[in-house]
Amino acid sequence: MTFSGLEKIITSSGRRSISSSLLAYLLDAFDNGFDGIDLDLFQSNTGYVRTNITQVANYLKDKGIILIYYYRDQGDKNNRDYIEENIFGRWGKQHYKLTSDVL
């Protein structure tokens with residue numbers, strides 16, 4: 001993945017500011033030793049609307065930029081099980097990670 005290729009994907013997302021912010025948050029998390037971020041954290045820190053974030057996240061996933069995992073919030077962040085398919089229904093929470101191509 002080149003920076004110019006990534007820029008084209010961000011631009012074509014239709015929501016450049018959300019795409020750029022999400023990638024920046026994910027890169028910062030990686031630099032700080034975390035492998036991803038939760039949708040709830042990203043939303044609370046940015047103020048973006050959840051529906052718009054999930055649309056952008058799905059677009060970035062389809063383009064091979066991020067991975068989306070699901071978990072059920074049960075209090076202990078250190079013992080979460082992240083899975084690729086949302087088997088939790090409306091209780092499923094999203095967690096985003098960068099793909100190895102981007103890293």
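Note: hydrogens, waters and symmetry copies are ignored here, and every other heavy atom, side chains too, is used.
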Quiz item: Applying the 4.5 Å side-chain criterion to the ILVMFWY set and letting contacts propagate, would Trp91 and Leu39 be lumped into a single cluster?
Solution: no
Practice problem: State yes or no: do Ile18 and Leu41 share one hydrophobic cluster built from I, L, V, M, F, W and Y residues joined by side-chain heavy-atom distances below 4.5 Å, directly or via other members? | Solution: no
Quiz prompt | Atom CZ of Phe34 with >12 non-hydrogen neighbours under 6.0 angstrom | solution = no
Quiz item: Say you draw a straight line from OG of Ser19 to CG of Leu6; how long is it, rounded to the nearest 0.5 Å?
Solution: 9.5 Å
Self-check item: Rounded distance [0.5 Å steps], CD in Gln94 versus CG in Asp38
Solution: 10.0 Å
Self-check item: Ser13 (side chain) donor-acceptor with Ile10 (main chain) under 3.5 angstrom
Solution: yes
Quiz prompt | ring-ring contact (aromatic ring centres under 6.0 Å, His included) partners of Tyr25, counting only residues at least two apart | solution = Phe42
Self-check item: Glu84 side, atom CD; Lys61 side, atom NZ - distance, nearest 0.5 Å
Solution: 7.0 Å
Self-check item: Rounded distance (nearest 0.5 Å) linking atom CG of Leu26 with atom OG of Ser21
Solution: 11.0 Å
Practice problem: Using the rule that two of Ile, Leu, Val, Met, Phe, Trp, Tyr join whenever any of their side-chain heavy atoms come within less than 4.5 Å, decide whether Tyr59 and Tyr48 are in one cluster. | Solution: yes
Quiz prompt | Common cluster, Leu103/Tyr82, ILVMFWY with side-chain heavy-atom separation under 4.5 Å | solution = no
Quiz item: Which heavy atom of Met1 sits nearest a heavy atom of Asp101, and at what distance?
Solution: CB-O, 3.5 Å
Exercise. Return the minimal non-hydrogen interatomic distance between Thr99 and Gly64, and the atom names on each side.
Key: OG1-O, 2.8 Å
Exercise. Output, in order, the C-alpha distance, side-chain angles, deciding distance and verdict of side chain to side chain contact (heavy atoms under 4.5 Å, CB included) for Ile53 and Tyr96.
Key: CA-CA 11 Å; Ile53 297 169; Tyr96 305 129; 4.0 Å; yes
Quiz prompt | Atom CG of Asp81: over 12 foreign heavy atoms under 6.0 Å | solution = no
Quiz prompt | OG1-CD distance between Thr54 and Gln43, expressed to the nearest 0.5 angstrom | solution = 9.5 Å
Exercise. Apply salt bridge (Lys or Arg N to Asp or Glu O under 4.0 Å) to Arg15 and list each qualifying residue two or more places apart in sequence or on a separate chain.
Key: none
Quiz item: Among all residues two or more places apart in sequence or in another chain, which pass the side-chain contact (heavy atoms from CB on, under 4.5 Å) test with Thr51?
Solution: Val49, Gln55
Exercise. Output all residues satisfying ring-ring contact (aromatic ring centres under 6.0 Å, His included) with Tyr69, sequence neighbours left out; order by chain, then residue number.
Key: none
Practice problem: Only counting residues at least two apart or in another chain, list the ones meeting side chain to side chain donor-acceptor pair (under 3.5 Å) with Ser44. | Solution: none
Quiz prompt | Heavy-atom closest contact (Gly5 atom, Thr2 atom, distance) | solution = N-OG1, 2.9 Å
Quiz item: When you look at CZ of Phe30, are more than 12 heavy atoms from neighbouring residues, nucleotides or ligands closer to it than 6.0 Å?
Solution: no
Self-check item: 4.5 Å side-chain heavy-atom contact, Val102 and Ile66
Solution: no
Quiz item: Going by heavy atoms in the side chains, are Leu23 and Leu98 under 4.5 Å from each other?
Solution: yes
Practice problem: State which residues pass salt bridge (Lys or Arg N to Asp or Glu O under 4.0 Å) with Lys93; sequence neighbours excluded, sorted by chain then number. | Solution: Asp40
Quiz prompt | From Thr46 atom OG1 to Asn52 atom CG, the distance as rounded to the nearest 0.5 Å | solution = 10.5 Å
